[in-house]
**Student:** 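Here's a structure for you.
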Amino acid sequence: MTIRQPLYHSSHWGAFSAIQQEDGLAIAPFPGDPDPSPILKNIPAALTHPARLSRPLIRRGWLEDGPGPDARRGSDDYVEMDWEQALELAAGELKRLGAGDPDSPAANHGRHVFGGSYGWSSAGRFHHAQSQVHRFLNMAFGGYVASVDTYSTAAGSVILDTVAGNSGRISREGCWWEHIRETTELVIAFGGLPIRNLSVSPGGSSQHIARDCIAAALKRGCHIVSVSPLRDDIGGADEITRYQPRPATDVAMMIGMAGHLLARDLVDHAYIAKYTSGWEAFRAYLEGTTDGQPKTPDWAEAICGVPASEIRALAEEAARKRTLVTVGYGLQRAENGEQPIWMGLALSAMLGGGSRKGAGFTYAIGSMGNHGKPQLSVPLPTLPQGYNKSGDFIPVARISDLLLNPGADYTYRGKTRRYADIRLVYWAGGNPFHHHQDLSRLRQAFSRPDTVIVHDSVGTATTAHADIIFPATITAERDDIGASAGDPYLMPMQRLAAPFGEARDDYDIFCDLSARLGCREAFSENRSSREWLAHLYGKTEEAMRRRGFDVPDFDGLMQGGPLPLPVSDTPSMMEAFHTDPVAKPLDTETGKILFHSELVASSGLPGHPAWIEPQEWLGGALAQTHPFQLVANQPFGRLHSQLDFGATSMAGKIDGREVARLNDADAARLGIAEGDVIRIFNARGATLAAARPSAEVLPSVVQLSTGAWYAPRDIDGTGLACVNGNPNAVTADRPASPFSQGCAGQICLVSIEKLTGDIPPAVPHEEILRKRGA
Ligand code: PGD
């Protein structure tokens, strides 16, 4: 397929146009995007990379011995098969497990099927793999065990839902970037405002505005304070003040600021009386009435390491100015991750800024590119997923617990629940062997089901733990519609290339399976992909026409360019609440912002925000054994593990291995120089990375981003290590708390040593899945 005209397309890291040239696909950012993402350069490699999957693959052990628990998953061979045979095998197994008769009274409604299938897959409203697999399982089994919350935010979302009403709305519309540009006088950004995060938004973005807004705000005289163990978690301007607390201790710094506000009588009591409840309980904690420890800046310094004088000065400046407190996702992806989010909200309430533009609290404006932008006033095309009759779910990061502990009880949002007994795992559009913690434990978990089916376009470590692998097309190989909440364009995603090998769209794979299970009509509604796209676009088209806009029909959209969408002028949830807290109460226990929650207190946590000592932090006992805090953050050169083989991602590696940064002084003390291979390890496992000494990193911290493809290999004398540098080889599979059960994968304690002698090379992407028997 040769493209001569530039065609429009979209990715989670930005809209773009593409034209096929002799040496491959040439990508140009969306016109008018002030700050396009460098990740766009990863796309051309995706079309023909040797890691692409071209034919269905069946695990040899499953083929020879049949379904059942099997510890060979992850190390077995795969046999290539033609589509007809592979679909027959898969359909036979799905039928054995109860598919095909979802309405019979005896149907088990997918009680034994895990279809949570978490993952970002790719942009595109119809070919969204997770929506496709959910719809298929609802039609085939009548339901499945689902997952709730996300790896991005779970502790933060669950606590904000509880104490402020609706975490999603607070993230998206808590404060507009335009308000920061124009009015905010002080931004205190816990977790910084990292541009690498802001280049990404689910569904894509036509304009990356954060860098410009930060620059304009600084120019206007706004004081921006970044709080992070990594100094470069915010752009390079000298005017930015940077504090570097120990990882996982920001909450103590915030509490120290709050204690100082109270001691200096700088608390906005009028705001607290009108908009909050539970203040007295929190005040008693600050004063030390409940535990004998007044929460002073000196108390905070001993925990977080930021000087008490700086904590005092910042609190006083915040009380004087129009102050915005923002807390990033990264802080809550940790043990007790609820606390910094709740405390950020509590601190802003004490400052009383919530009723003023550009002030108050916002969650994760620095974590996702589509936060802090006006929302749309028309619905976006969305694939209906059908009805899940099973009603069962897990908090998303409890996947290993689910598979390893069928029948066990656990708690979530204050309720006791029970893990199902899973026989089938069906995954499309996600990579748990990238995204989950303690990957050795996940390997054990994946040995338990009878059958694991995975769709992916490339041979990831997740496919290497599957029994049946269906090769999926990538977004560039199909037509779709791109859109994202908070982005003012509907993007025609025009097919840029023919499918690789025999890869098929997820939709077509599910159509073929559902035909064999007798539910094709229910699944497809007799529509082709293109008919679905036209049908889904129809809802947006009709809403726009009703509002008087002149809009193209579906063919016009797909042949034309991006369609501007109207933005909403409805006040945000917090704006409406602050205008009239009685008429527009928040969806909380009291209708107000909670300093104290009965539900949280009844779940075994303190009923108010608090410093709770985590198991793995630099001030704890375990730091005597493992003296470095690993920060496993989001990567600069790719989205998660996607297109890790692309040009930008590979340029960030040394000899194909992920780079880990550590403080210059630590490196010198350990005799580690740039490019040396280091082993990062703890009792859970080990990972190898190329070292980079850096002044940007706090001493006793090592930073290794997520996304290198997991390749565990035996290292002489020390056991298994991921030779490519995946940090989840060492992170802890421990929930943030029994309240949220959120992912706590961002930080953990580790040791570091320089490797000498024979150093195993990094494993190329195309060798992660061992197709030896193909
Ligand atoms: P991706 O690499 O985006 O990671 O975890 P997630 O699983 O979303 O995986 C998407 C997969 O979908 C890729 O393998 C890609 O090839 C495949 N894919 C893309 N398009 C398609 C398609 O159309 N069809 C099919 N079938 N497949 C497709 C991300 C998760 O990781 C997230 S969101 C976060 S925030 C977490 N972050 C951290 C962290 O900060 N620290 C640690 N230690 N761990 C984390 N894990 C989490």
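Side chains included, hydrogens not; waters and symmetry mates left out as well; all remaining heavy atoms used. Counting starts at 1 for both ligands and their atoms, in listed order.
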**Student:** Could you check H436, H434, Q437, R333 and say which one makes a side chain to side chain donor-acceptor pair (under 3.5 Å) with Y151?
**Tutor:** H436
**Student:** Can you find an N/O atom of N431 closer than 3.5 Å to an N/O atom of ligand 1?
**Tutor:** yes
**Student:** For D480, is there an ion pair with R495 - N to carboxylate O distance below 4.0 angstrom?
**Tutor:** no
**Student:** Could you name the option among A632, G745, S152 that has the heavy atom nearest to atom 39 (C) of ligand 1?
**Tutor:** A632
**Student:** For Y118 and ligand 1, answer yes if some heavy atom of the residue is under 4.0 Å from a ligand atom, otherwise no.
**Tutor:** yes
**Student:** Below 30° counts as parallel, above 60° as perpendicular, anything between as tilted: where do the rings of W427 and F446 land?
**Tutor:** tilted
**Student:** Ignoring angles and geometry beyond distance, decide whether D456 reaches within less than 3.5 Å of ligand 1 through its nitrogen or oxygen atoms.
**Tutor:** yes
**Student:** Do side-chain atoms of S457 reach the backbone of T473 as a donor and acceptor pair under 3.5 angstrom?
**Tutor:** no
**Student:** Quick one: does H436 get an N or O within less than 3.5 Å of an N or O on ligand 1?
**Tutor:** no
**Student:** Among P202, A472, G429, G119, whose heavy atom sits nearest atom 11 (C) of ligand 1?
**Tutor:** G429
**Student:** Does a side-chain N-to-carboxylate-O contact under 4.0 Å join D438 and R441?
**Tutor:** no
**Student:** Can you tell which of Q130, H435, R478 gets a heavy atom nearest to atom 23 (O) of ligand 1?
**Tutor:** R478
**Student:** Counting from 1, what ligand 1 atoms have a heavy atom of T460 closer than 4.0 Å?
**Tutor:** 14 (O)
**Student:** Is there a polar contact between ligand 1 and T706, counting only N or O atoms under 3.5 Å apart?
**Tutor:** no
**Student:** Just go through Q642, Q132, R333 and tell me whose heavy atom is the nearest to atom 3 (O) of ligand 1.
**Tutor:** Q642
**Student:** I need the single residue from H128, H9, H12 that forms a side chain to side chain donor-acceptor pair (under 3.5 Å) with T475. Which is it?
**Tutor:** H9
**Student:** Compare all side-chain heavy atoms of W532 with those of Y507 and state whether any distance is below 4.5 angstrom.
**Tutor:** yes
**Student:** Of the listed options (Y151, Y507, W120), which comes nearest to atom 8 (O) of ligand 1 when hydrogens are ignored and any heavy atom counts?
**Tutor:** W120
**Student:** Record the part of T475 in heavy-atom contact with ligand 1 below 4.0 Å; permitted values are side chain, backbone, both and neither.
**Tutor:** neither
**Student:** Provide the number and element of each atom of ligand 1 under 4.0 Å from a heavy atom of N728.
**Tutor:** 42 (C), 43 (N), 44 (N)
